Amino acid sequence: MGIKDLLRFMKPYVEPIHIKKYAGKRVGIDAYSWLHKGAYSCSMELCLNMEGDKKYQYINYCMHRINMLRHHNISPVLVFDGANIPCKALEEQHRHSKRKDSRDLAITKLKEGNVNAATEMFQRAVSITPSMAHQLIQILRSENIEFIVAPYEADAQLAYLSSLDESKGGISAVISEDSDLLAYGCSSVIFKMDRYGNGEEIVIDQVFDAVGCRPSFRHFNKELFTGMCIIAGCDFLPSVPGIGIAKAHALVTKYLNLDRALSVLKYEKGNQMPEDYFKSFKEAFAVFLHARIYDVASKRLKHLTPLPETLLHSLGDELDFLGPDMPSSQATAIAKGQLDPSTMKAFDELPSSNGQRKSTAVNKPPESLSVQPKRKLKQQKTTESCFTFVTSQKPKNKRITVMEKETKPNFIDKYPELEKLISSVNDDMPSILDTIPPKRSSMVPDNNPFKRRKQTQVEDLEVICNSQPTNAINEVETKSSSEQRSGVTDLDKFTPDSQKSVESKPIKNIRNQKSGKKAESISAKKKNSILNYFSWK
DNA sequence: AAGCGGTTAAGAT
DNA sequence: TTAACCGCTT
């Protein structure tokens with residue numbers, strides 16, 4: 001996922017920070033990455049759609065982090081993925097089938113009694129369903145936490161918000177794990193943020209401005225940077241064999257012009273280059289720079305950055321690969337979390353995550369459990385456990401221990417029979433949670449557990465942060481004319497001589513040998529050349 | 001020197 | 001599931 005090796009390559013520009021750097025600011029969050037991490041701890045419960053509240057622990061995880069941010073006076077803005085864009089359809093399909101395989105294997109292992117192996121496979125099998133996202137959204141609503149569901153890629157939406165002034169609903173930084181954010185043009189991205197708020201930040205303007213730091217990005221701009229990312233290999237277009245991030249960077253640095261860089265690339269690697277590479281490149285470029293996003297102010301879909309008429313033309317007036325446009329009302333309903341962006345059905349009418357639960361109760365977030373008449377006692381306890389982030393008067397460490405111990409001893413005892421396991425887990429759980437006084441959540445915890453641990457760590461970090469690289473003197477700046485730079489990234493000027501090659505079959509190379517069948521069926525569609533590349537994966 | 005496939009160690013929940 | 005490392009290839 002993301003841009004191959006980009007983060008490693010950008011290492012010199014990574015700065016350890018603490019999130020409190022953004023105190024008083026709005027910060028965007030790639031909700032999917034949190035949902036996914038949160039789902040690890042309850043992957044089996046989610047995969048099997050087991051009864052009980054354990055499967056809502058991912059919500060706990062997300063809220064924990066949200067409250068950590070709020071503790072530092074940061075306004076979180078959670079951004080959810082919408083529909084898949086067509087160019088990602090194949091990859092999604094692929095992931096889905098891998099997850100299904102993992103799930104089947106997990107169940108087999110479980111039946112065999114190998115719980116450890118089963119757990120591992122369940123963790124590979126979890127997928128984040130719209131239903132899960134919606135459950136988190138319901139909590140966010142009730143807790144007055146800002147969120148938005150992107151029409152398509154959350155990354156693009158985050159990049160758009162990142163480009164807006166805070167006074168216009170913009171955000172000052174993005175928390176994510178995905179290097180794609182940089183390719184989308186986010187100005188400030190925080191990677192690997194832990195539960196205390198420590199993370200690694202890349203600020204793209206600092207990258208462009210840095211003198212004497214290698215690799216040098218002097219004279220780069222966002223378009224060139226995105227172009228470099230695509231050449232290095234991204235989700236939408238694999239790199240030409242033998243080309244990685246370093247070569248891509250060297251090419252773009254040398255010519256500061258994507259047309260020329262690609263021409264040279266074709267000259268040097270033409271024989272290994274798919275015929276429609278240029279067109280695919282342009283489409284990938286459009287995905288990164290002109291993706292469809294939701295504009296809150298106008299309540300409409302817009303392009304991340306305005307799409308030049310000429311580029312539109314050179315793409316054959318064909319923008320389906322960005323996902324279809326949609327009416328304002330629909331886009332708004334999606335953005336507000338009222339419509340499932342994939343099915344376009346209202347969320348309340350959705351069946352539960354795997355579509356087979358009888359009771360609606362299990363489909364509701366833990367918050368609602370206190371009004372469920374059935375199994376009241378147990379559920380109230382667990383409900384509380386789902387909100388430990390908010391109020392606990394207890395020391396955090398104690399809580400964490402409780403949560404950890406809650407699971408394993410339980411299902412280990414029961415593994416021999418899957419059916420029993422599914423139906424009865426939680427029903428006779430040891431009441432470890434009994435020791436926790438049932439308290440109702442309050443939004444802003446004064447006793448926020450993140451505080452203590454953080455302060456010491458943060459101070460250490462600040463020392464690190466202040467030590468800037470000072471080897472600047474050695475850097476010899478390459479002279480390049482500004483005329484050369486101006487407009488050089490204008491993709492409209494692309495003159496690929498192989499536009500029609502979209503219809504041609506993908507060139508055989510190492511990557512497509514395994515999936516030749518798929519590749520052909522796709523090229524038969526001859527719709528979108530990016531798809532041809534996906535079939536190679 | 002860079003890419004790339006394979007292996008291994010460390011991390012998280 | 002990364003990240004780091006090794007050895008082989010270009």
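In what follows, chains carry the letters A, B, and so on, assigned in the order in which the sequence lines appear, proteins first and then strands, with residues in each chain numbered from 1. Quantities reported herein were computed from a predicted structural model and do not represent experimental measurements.
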| message | Test side chain to side chain contact (heavy atoms under 4.5 Å, CB included) on A:Leu78 and A:Leu136; report intermediate values, then the result. | response | CA-CA 10 Å; A:Leu78 275 87; A:Leu136 176 57; 4.2 Å; yes
| task | Check step by step if side chain to side chain contact (heavy atoms under 4.5 Å, CB included) holds for A:Leu258 and A:Met228. | result | CA-CA 8 Å; A:Leu258 294 180; A:Met228 176 195 77; over 6 Å; no
| field | Full working for side chain to side chain contact (heavy atoms under 4.5 Å, CB included) between A:Phe122 and A:Leu48 | value | CA-CA 9 Å; A:Phe122 276 127; A:Leu48 301 179; 3.9 Å; yes
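Heavy-atom nearest nucleotides on DNA chain B were determined for A:Asp5 and for A:Lys37, and the one closer to the 5' end corresponds to A:Asp5. Along DNA chain B, the nucleotide closest to A:Gln123 and the one closest to A:Gly244 are compared, and the more 5′ of them pairs with A:Gly244.
Judged by distance alone, the side chain of A:Tyr13 and the main-chain N or O of A:Pro215 form a donor-acceptor pair under 3.5 Å.
Aromatic ring pairs are classed by plane angle as parallel below 30°, tilted from 30° to 60° and perpendicular above 60°; the pair A:Phe217 and A:Phe225 is tilted.
Put simply, CG on A:Leu6 is 15 Å from P on C:dT2, counting in whole angstrom units. Atom CZ in A:Arg214 sits roughly 10 Å away from atom P in B:dA2 (whole-Å rounding). Nucleotide C:dT1 holds its P atom 9 Å from the CZ atom of A:Arg99, rounded to whole Å. Whole-Å rounding puts the A:Asp178 CG to C:dT1 P distance at 15 Å.
Distance from the side chain of A:Lys4 is smallest for B:dC4 among the nucleotides C:dT1, B:dA2, B:dC4. Side-chain atoms of A:Lys247 lie closest to B:dA2 of the nucleotides C:dT1, B:dA2, B:dT13. Residue A:Ala246 places its side chain closer to B:dA2 than to any other of C:dT1, B:dT13, B:dA2.
For A:Ser188, the side chain to side chain donor-acceptor pair (under 3.5 Å) criterion is met by A:Tyr22, A:Glu201, not counting sequence neighbours. Residues passing the side chain to side chain donor-acceptor pair (under 3.5 Å) test with A:Tyr58 are A:Gln135, sequence neighbours excluded.
Taking the charged nitrogens against the carboxylate oxygens, A:Asp276 and A:Lys279 have no contact shorter than 4.0 Å, which rules out a salt bridge.
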Nucleotides 3-7 of chain C: which of its N/O atoms have a protein N/O under 3.5 Å away?
| unit_1 | atom_1 | unit_2 | atom_2 | d |
| --- | --- | --- | --- | --- |
| C:dA3 | OP1 | A:Lys192 | NZ | 3.0 |

Set out, line by line, the N/O atom pairs under 3.5 Å between protein and nucleotides 6-8 of chain B.
none

What N/O pairs connect the protein and nucleotides 8-10 of chain C at under 3.5 Å? Give each pair on its own line.
none

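Judged purely by distance below 3.5 Å, without hydrogens or angles, the side chains of A:Ser33 and A:Ser176 never pair a donor atom with an acceptor atom.
Among residues at least two apart or in separate chains, salt bridge (Lys or Arg N to Asp or Glu O under 4.0 Å) pairs with a member in residues 179-192 of chain A are A:Lys192-A:Glu200.
Outside the 6.0 Å centre-distance limit, the rings of A:Tyr40 and A:Tyr61 are not counted as a close aromatic pair.
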